[in-house]
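Structure first, then comments.
Below, all heavy atoms of this structure are taken into account, side chains as well, without hydrogens, waters or symmetry copies. Every chain is numbered from 1 and lettered A, B, ... according to where its sequence line falls, protein lines coming before strand lines.
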2 protein chains.
Amino acid sequence: MNREQDPGLDSVDRHILAELQADGRMTNVELARRVNLSAPPCLRRVRRLEEAGIIRGYHADIDPVSLGWEVTFFALVGLESQKQAVLDAFEALASSWPEVRECHMIRGGGDFLLRLVARDTAHENELTARLTNAPAVLRVQTLQTIRTAKDEAGVPVA
Amino acid sequence: MNREQDPGLDSVDRHILAELQADGRMTNVELARRVNLSAPPCLRRVRRLEEAGIIRGYHADIDPVSLGWEVTFFALVGLESQKQAVLDAFEALASSWPEVRECHMIRGGGDFLLRLVARDTAHENELTARLTNAPAVLRVQTLQTIRTAKDEAGVPVA
DNA sequence: GCTGAAAAGCATCGCCT
DNA sequence: AGGCGATGCTTTTCAGC
């Protein structure tokens, strides 16, 4: 669907990506004005970027606390085996929990980094316990965020 | 700007949040149809959610690889002091790097979890070295993502 | 707080450069 | 490839329930 480092990505495309990353609900007319194009070719470029899989979607960024998710934390989970079946099973289990927002397998074998949300500290403890007691889990290290200095969703478009 | 667990957030509001989290560029008419409202009150609700800070923004989700960011990794950084001035200085330094996308201070003193992007493995090594050599840094543990099973930007709207 | 109509603005198409 | 003009929607406001 998308090639590595697409050659047909000029400075106008990158400008479009930067603008839509900053404000994904901008109208096409406003976007066109900012990148010095008229509306139709601007829209054609956006559609092309979407169809090439370079723009994967658009999402509202919602304040977790407003929805009752008071705690965000990370967990480093170590498994007792590196067998593919064990890794897959843990991955499937973790991914099935709505509180698990990210699940990354870490190089070096048998470790996962998760990002989770919890309603409160008790809920966080419960989630940690559920992780600890999950099949093949050896240890769980929770990394509790006390302050977030920077949290930018995307990537530099330099 | 936003209160904890806003009481004036009914099921229609939550439905709106879920829809815009899934597709932030949906037209207001389509959104209204999905939440069984006509367009004007739907738009008023969206504006209210934006002004209350519950919707913090809208962002295009861009494929990092298409822009040349081949490597995404995390770094656990331990500092040699927990003095506020030292923590603040590290936070300011890390946040100033465009490759650092997230910078979280971790409970327990003197630790930070960063999420970074790099153009390639050499660039990743260079960033790790820059972290290691930064003032007051005691150790850097890189957590290299080899597979991401789940990566949902938002929060459960249940 | 919703509906419905109406004005203004936008998305999108076909054609031309 | 980008621009122009036309058409049909969408957004947004406003009066009235």
- Is A/D10 salt-bridged to A/R45, going by a charged N under 4.0 Å from an acidic O? yes

- Query: How far apart are the C-alpha atoms of A/R33 and A/E30, what are their side-chain angles, what is the distance that settles it, and do they pass the salt bridge (Lys or Arg N to Asp or Glu O under 4.0 Å) test?
  - Reply: CA-CA 5 Å; A/R33 195 188 60 73; A/E30 171 66 10; 3.0 Å; yes

- Query: Listed in order of residue number, which residues of residues 16-30 of chain A have a non-hydrogen atom at under 4.0 Å from DNA chain D?
  - Reply: none

- Task: Please round to 10 degrees the angle between the axis of the first five pairs and the axis of the last five pairs in the helix from C/dG1-D/dC17 to C/dT17-D/dA1.
- Result: 30°

- Task: Could you please spell out the steps behind the side-chain hydrogen bond (donor to acceptor under 3.5 Å, both in side chains) verdict for B/Y58 and B/E50?
- Result: CA-CA 10 Å; B/Y58 303 88; B/E50 289 167 354; 2.6 Å; yes

- Message: Under the criterion salt bridge (Lys or Arg N to Asp or Glu O under 4.0 Å), I'd like the reasoning laid out for B/E91 against A/R147: C-alpha separation, chi angles, the key distance, then a yes or no.
- Response: CA-CA 10 Å; B/E91 215 172 57; A/R147 193 165 74 172; 2.8 Å; yes

- Nearest-angstrom distance from the residue atom CG of A/L43 to C1' of C/dC13: 10 Å

- Message: Between A/H123 and A/E70, is there a side-chain donor-acceptor contact under 3.5 Å, judged purely by atom types and distance?
- Response: no

- Query: Which is it for B/E51 and B/R47 under the salt bridge (Lys or Arg N to Asp or Glu O under 4.0 Å) test, yes or no, and what are the steps along the way?
  - Reply: CA-CA 6 Å; B/E51 273 150 36; B/R47 292 284 177 268; 5.9 Å; no

- Message: What I want to find out is whether B/D13 reaches B/R48 closely enough, with some N-O distance under 4.0 Å, to be called a salt bridge.
- Response: yes

- Message: Minimum heavy-atom separation for B/P156 and A/W69, please, with both atom names.
- Response: O-NE1, 2.9 Å

- Message: Go nucleotide by nucleotide along DNA chain D from the 5' end; which of B/P40 and A/P40 gets its closest nucleotide reached first?
- Response: A/P40

- Would you call A/D23-A/R34 a salt bridge at under 4.0 Å N-O? no

- Task: Name the first nucleotide and the last nucleotide along DNA chain D (5' to 3') that come under 4.0 Å of a heavy atom in chain B.
- Result: D/dT10 to D/dT13

- Message: Check this for me, if you would: do B/D88 and B/K83 make a salt bridge, where the nitrogen-to-carboxylate-oxygen distance has to be below 4.0 angstrom?
- Response: no

